[in-house]
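Nothing fancy with the numbering, it's 1 onward along the sequence.
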Amino acid sequence: MQYDRAALEKALQGRRLGYPLSFYPETDSTNERIRILAQEGAPEGTLALAERQTAGRGRRGRAWQAESGDGIWMSLLLRPQIAPAQASVLTLLAGLALTEALAQETGLQPRLKWPNDILLNGKKLVGILTEMELTSEGDAIRFLTIGMGINVHTKAFPAELQEIATSLYLESGRHFDSSRLLLAMLAQFERRYQEFLAAGASFAPFRAEYCANCLHIGKEVRVLGRESYLAQALDITPAGELLVKRRDTGVEEVVFSGEVSIRGE
Ligand code: BTN
């Protein structure tokens, strides 16, 4: 067991993000738990935390390996009164908050890979999956689930992931305390979330810090979307999109969504 559940519950009590806590020794997916809790009327800030997931979800329909005690598998319920188009920025904010908290707690240097991965020494340490349910009219957010998977204690990944995934243990040889990391990450996200709402749901105040923690700004990347092309990553826009300069045409383009992979790393 990674967590002292009673101590964790006590530490989270009264927090805006992280309380109430739903803890699962084993569940299918904490994102799925939050979806059901949200439909039952759970308040903003509700946290689902699992020791093990049997059907952890990743982006693009991929599975997320989430074995017992290997990492922090958690999802937060948010009910922000913002336009659906602004919601993707919350994934960026979660990434920024987790990067800051992990750096502070471990002394390591995790870096952001836009839009929602955190890498350590070039390998994936954290994955974030945001899922959203809209009102029936489709013009407002009913709720948002921010799912976060942090590889903490993993000693070995399956062969197909060995080159691309890592854990805090594999990079440092140390076993960091999961409860402490979790509390630090949630506190930082809460701070960033409040700042975001106070700024009228704008990403602009966070842009400089996001870029400073970003791995690929100024570097060559391959943009993977409907088409795939090489480009130089120039900047993150005030709306949280990636600005790139295409190598084939020299034209600057804004990448709204899709995945950026890094070459030459
Ligand atoms: C990705 O990089 O593809 C996103 C991975 C997100 C994994 C986390 S683990 C906790 C939460 N519950 C899930 O089913 N997925 C997210």
Which pair of heavy atoms, one from [X] and one from [Y], lies closest together, and at what distance?
X	Y	value
Ala184	Glu105	CB-CG, 3.6 Å
Trp73	Tyr3	N-OH, 4.4 Å
Ala231	Val223	CB-CG2, 4.4 Å
Ile72	Ser178	CD1-O, 3.6 Å
Ser228	Arg222	OG-NH1, 2.9 Å
Leu129	Asn31	O-ND2, 3.3 Å

Co-membership, hydrophobic cluster, residues [X] and [Y], 4.5 Å side-chain:
X	Y	answer
Leu47	Met132	yes
Leu134	Val89	yes
Leu120	Tyr169	no
Leu37	Leu17	no
Met74	Leu77	no

Spacing of [atom1] belonging to [X] relative to [atom2] belonging to [Y], to within rounding of 0.5 Å:
X	Y	atom1	atom2	answer
Arg174	Leu108	CZ	CG	7.5 Å
Glu209	Glu100	CD	CD	5.5 Å
Leu243	Asp235	CG	CG	6.0 Å
Asn116	Ser88	CG	OG	9.5 Å
Leu93	Leu98	CG	CG	11.0 Å
Phe176	Thr106	CZ	OG1	5.0 Å

Heavy-atom side-chain contact between [X] and [Y] under 4.5 Å:
X	Y	result
Glu253	Tyr229	yes
Leu96	Ile118	no
Leu76	Leu186	yes
Thr30	Thr145	no
Pro20	Pro43	yes
Ile128	Ile146	yes
Glu131	Arg35	no
Pro205	Glu195	no

Is [X] reaching over with its side chain to a backbone N or O of [Y], donor-acceptor style, under 3.5 angstrom?
X	Y	value
Asp4	Ala6	yes
Gln162	Phe157	yes
Gln13	Tyr19	no
Gln2	Gly71	yes
Arg79	Ala38	yes
Gln232	Gly218	yes
Asp28	Ala55	no
Trp114	Cys211	no
Glu133	Arg142	no

Salt-bridged, [X] to [Y], with N to O below 4.0 Å?
X	Y	answer
Glu220	Arg247	yes
Arg59	Asp117	yes
Arg57	Glu32	yes
Arg52	Asp70	no

Practice task
Determine, stepwise, if the pair Thr99 / Tyr210 fulfils side chain to side chain contact (heavy atoms under 4.5 Å, CB included).
Solution key: CA-CA 10 Å; Thr99 303; Tyr210 190 93; over 6 Å; no
Practice task
Kindly determine whether Leu102 and Leu181 satisfy side chain to side chain contact (heavy atoms under 4.5 Å, CB included), including the steps that lead there.
Solution key: CA-CA 7 Å; Leu102 289 171; Leu181 294 177; 4.2 Å; yes
Heavy-atom neighbours of [X] [atom1] exceed 12 at 6.0 Å:
X	atom1	answer
Glu67	CD	yes
Gln81	CD	no
Arg180	CZ	no
Glu163	CD	no

Handout entry: Aromatic ring pairing His153/His175, orientation class (parallel under 30°, perpendicular over 60°, tilted between)
Key = tilted
Exercise for the section: Over 60° means perpendicular and under 30° means parallel, so classify the ring planes of Phe206 and Phe196, tilted if in between. Expected result: tilted
Practice task
Would you please test Ile236 and Leu242 for side chain to side chain contact (heavy atoms under 4.5 Å, CB included) and show each step?
Solution key: CA-CA 5 Å; Ile236 308 287; Leu242 183 69; 3.7 Å; yes
Problem - For Thr166, the option from Lys123, Lys124, Glu171 that meets side-chain hydrogen bond (donor to acceptor under 3.5 Å, both in side chains) - result: Glu171
Handout entry: Verdict with supporting geometry, Gln188 and Gln104, side chain to side chain donor-acceptor pair (under 3.5 Å)
Key = CA-CA 11 Å; Gln188 189 64 1; Gln104 204 166 17; 5.8 Å; no
Exercise for the section: Indicate whether the side chain of Ser167 and that of Thr154 have a donor and an acceptor atom separated by less than 3.5 Å. Expected result: no
Practice task
Please name the residue in the list Ile150, Leu49, Val152 that meets the side-chain contact (heavy atoms from CB on, under 4.5 Å) test with Leu182.
Solution key: Leu49
Exercise for the section: For Met185 and Met148, run side chain to side chain contact (heavy atoms under 4.5 Å, CB included): C-alpha distance rounded to whole Å, both residues' side-chain angles, the deciding distance at 0.1 Å, then the answer. Expected result: CA-CA 10 Å; Met185 290 187 289; Met148 296 160 272; over 6 Å; no
